[in-house]
Chemist: 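Encoded as C-alpha cells, here's the structure I'll be asking about.
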Amino acid sequence: MKKILTLLLSLLLALPLAVASGKSEEAQAPVKRDVVRMCMTSDIDSLDPFKAAAFDTLSLLKNIYEGLLTFDTDGSLQPSLATSYTVSPDGLTYTFNLRKDVTFHDGTPFTSKDVLYTYDRYAGLDGNSRLLDEFSIISAISAPDPYTVKVTLDHPSSTFLPLAIQPIVKAGYTENATAPIGTGPYRFKAYVPGQQVDLVRNDSYWGKEPAIARVEVYIMTDSAAMVSAFQSGQLDFGLVSADLFAPLQQDFVLEADPMNMADLIALNNKRKPFDDPRVRQAIYYGIDRKEIIDGVFSSKAVPMYTNVSPAMDAYCNTELAESYPHDLAKARALLTQAGYPDGFRMTLTVPANYFQHVDTAQILVSQLAKLGIDVTIDSVEWGTWLQNVYTDRNYQATVIGLTGKVDPYAVMFRYTSGYKKNFFNYTDDAYDALLKQASVATDQTKYVSLLKQAQQLATKDAAAIWICDPEMTVAVRKNLKGYKFYFAGYYDFASLYFE
C-alpha cells in the first residue's frame, strides 16, 4: 500500500518547502525519441480545468497546467509554481512565494495576478458562482507584489494546503476549452473529439526538459481495438485489462498499482425507493463484490466498505471491513421491512464509454434479480451522464468510479449535504458536523478519528454502495522507461524516455 503524506496540521508554524522540484533523476541519460503514443478509455470532458471532472481528462491536463504545489508518487506535496510558503501564527494566512522564471505557453510571464484570477474563480470572490466548494474557506486573496500571494482563510484549516495543487490559469483568458494555455511541460496542439489529443513539448519550460517531444493520446473504448493497436506498434503504453495482456507480454510489461479510486453504485438518496436507507442496505447485502471483482477487474481490485480506499491506509476505517457481507436472506428481510417484499423496478444509468461500469451493471442485473429487483440499464454518452447525473442529479441509480485525491478529506467532502456535486443526495447532519470538525482539527490523531467516525456513519446509512478500488493496470513498452504511478491521477509524460 502506498503511504500518503501526513497532512500538515501544525498551522502555528512557518513551514517552508524545499525549492527542489521533487523529480527523480534517471541514472541513464534519456534518448530523445520524437513521440510517445498512449490510449485512454474515455473522451475528454473539457480541456478547461475549471470544468474538467473525468479521471482521464484530469490526468492528462496535469501536463498542460500546474498548481502552486504538486504531489509526488506517494502523495506528498512538492513545490511547483510556488517555491515555498509560510503560515501565519494564527493559522489564517498562507503566503506563497512564486517562481520568477515561468511563462505561459503563449509567452506571457506568470505572476501573482494569475493566481489571484484563478483563486478568485475557485472561491467565487470575483462575483461569479464559486467553482469549487472546497475553496469556500477562503475569505480574501491579495498580491503584495508580482511574485507573492497571500491567501486568508475564515478559520484555521487542516485541509487547505492540498487545494494548492489546483491548476493555475492565465488571468483573463477564457479560451481554455478550445485552446488551453498553461505553464506545464507540454503544450496543447490539437484535439479531435472522440479520437485523439496531441501535445508537444514546452521548450520554454521552467523545470527539467522532457525527453519526449510529442505525445499522441488515442481515445479507444473497444478492448479488442486497444490490444490490436498495442500489437501493431501504434501504442507505447496505456490502460489495459490484465486478462487481455497475455498477447502483449513479448514487447510490453504490465505495471499495476491501486488507483485510490472508489468504484461504486450511487443510489439517489432523494429518489424512491432509495430514500429509504433499508433499501440501500438491502442492495448492499444483495451484491456479491467478489463476483464483480473477479468478472470485471480480473481479480485485480481491493474490496471497499467505506468512502475511503484502503490505499489510504492511515485514514481508512478498517473496522468497517465486515460490513454488508453477501447475505440474500438479510437483503430480503430489509426489503420486506421497507415495504418491497417482491422487489421493484429500477433504472441503472451507466456511462457507455467506461466498459468496466457497463460490465458491472450487467452483473448487477443478475445479482439483484435474485431479490426480485428488475434492473434496466440505461447506457448513455459521457456528456449526458455528466449533465443528468453529476450535475442535475436527475437519475435513480448509477455505476461510476470516483477519482482519488491526495487528501482523504477531499474524498469524504463529496458526501456533505452542502457540496454542489453531491450527486448521491446524501444528507446527514452528524456526518456534516464531523467533516467540519475535521477541517479545523490541528491534531493528527483527532483528525483521523473524526474521519473514521464519519466513515462509520456513511457506511451505516449506505450513502453509496462501495464496491472496490481497482488496480490500475498499464501496458508499457519494454524500452519505454520512467513510467510512474501517482496516488492521484496523473499521466506524467515528462518523466518518460526511451532507451
Side-chain angles (χ1 to χ4, degrees), residues 2 23-24 26-43 55-57 59-60 62-63 73 185-186 195-199 201 210-261 263 293-302 311 353-356 359 401 404 468-499:
K2 292 184 177 178
K23 299 178 181 177
S24 62
E26 301 293 342
Q28 181 176 349
V31 176
K32 293 187 177 180
R33 194 178 113 175
D34 283 345
V35 60
V36 66
R37 301 177 177 92
M38 73 161 290
C39 64
M40 296 195 321
T41 57
S42 65
D43 198 2
F55 172 85
D56 278 338
T57 300
S59 298
L60 178 68
K62 285 182 173 67
N63 294 277
T73 53
Y186 283 89
Q195 297 183 39
Q196 184 173 342
V197 183
D198 291 341
L199 307 179
R201 182 171 54 213
I212 304 296
R214 190 169 79 256
V215 179
E216 296 176 359
V217 180
Y218 296 93
I219 299 160
M220 298 181 174
T221 58
D222 182 83
S223 299
M226 286 184 213
V227 173
S228 177
F230 279 115
Q231 290 175 312
S232 68
Q234 180 185 352
L235 296 174
D236 297 303
F237 78 101
L239 298 177
V240 64
S241 176
D243 61 352
L244 297 176
F245 180 72
L248 308 178
Q249 56 188 339
Q250 180 176 341
D251 298 315
F252 293 83
V253 293
L254 186 68
E255 303 281 0
D257 217 36
M259 295 180 71
N260 186 28
M261 172 183 279
D263 258 70
I293 290 172
D294 291 346
V296 177
F297 301 101
S298 304
S299 304
K300 301 291 187 180
V302 179
N353 57 303
Y354 286 101
F355 64 87
Q356 298 97 331
D359 291 348
C468 64
D469 178 2
E471 283 192 353
M472 188 173 183
T473 51
V474 181
V476 182
R477 192 171 294 281
K478 288 183 177 179
N479 67 334
L480 178 62
K481 305 299 181 180
Y483 183 82
K484 299 177 182 179
F485 281 107
Y486 284 82
F487 200 76
Y490 181 13
Y491 298 133
D492 185 1
F493 300 137
S495 69
L496 298 176
Y497 66 96
F498 286 94
E499 68 174 18

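Note: hydrogens, waters and symmetry copies are ignored here, and every other heavy atom, side chains too, is used.
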Chemist: Keeping Lys62 on the side-chain end and Gly489 on the backbone end, is there a donor-acceptor pair under 3.5 Å?
Modeler: yes
Chemist: Tyr486 and side-chain hydrogen bond (donor to acceptor under 3.5 Å, both in side chains): which partner among Asp257, Thr73, Asp492?
Modeler: Asp492
Chemist: Is there a donor-acceptor pair under 3.5 Å between the side chain of Lys478 and the backbone N or O of Gln249?
Modeler: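 Such a contact is found between Lys478 side chain and Gln249 backbone.
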Chemist: Using atom types as modelled and distance alone, determine if a side-chain donor or acceptor of Arg201 lies under 3.5 Å from a backbone N or O of Ala211.
Modeler: yes
Chemist: Apply ring-ring contact (aromatic ring centres under 6.0 Å, His included) to Phe252 and list each qualifying residue two or more places apart in sequence or on a separate chain.
Modeler: Phe230
Chemist: Can you find a side-chain donor-acceptor pair between Ser42 and Tyr354 that sits under 3.5 Å?
Modeler: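 Side chains of Ser42 and Tyr354: pair found under 3.5 Å.
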Chemist: Using only atom types and a distance under 3.5 Å, with no angle test, would you say the side chain of Thr473 pairs donor to acceptor with the backbone of Val240?
Modeler: yes
Chemist: Which heavy atom of Tyr491 sits nearest a heavy atom of Asn63, and at what distance?
Modeler: O-ND2, 2.6 Å
Chemist: Does a side-chain N-to-carboxylate-O contact under 4.0 Å join Arg477 and Asp236?
Modeler: yes
Chemist: Please report the shortest heavy-atom distance between Phe237 and Val474, naming the atom on each side.
Modeler: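 Closest approach of Phe237 to Val474, heavy atoms only: CD1-CG1, 4.1 Å.
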Chemist: State, without any angle test, whether Glu216 and Tyr218 hold a side-chain donor-acceptor pair at a distance under 3.5 Å.
Modeler: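 Distance-only check passes for Glu216 and Tyr218.
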Chemist: Closer than 3.5 angstrom, by distance alone: can the side chain of Asp469 be matched with the main-chain N or O of Asn260 as a donor-acceptor pair?
Modeler: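 It does hold such a pair.
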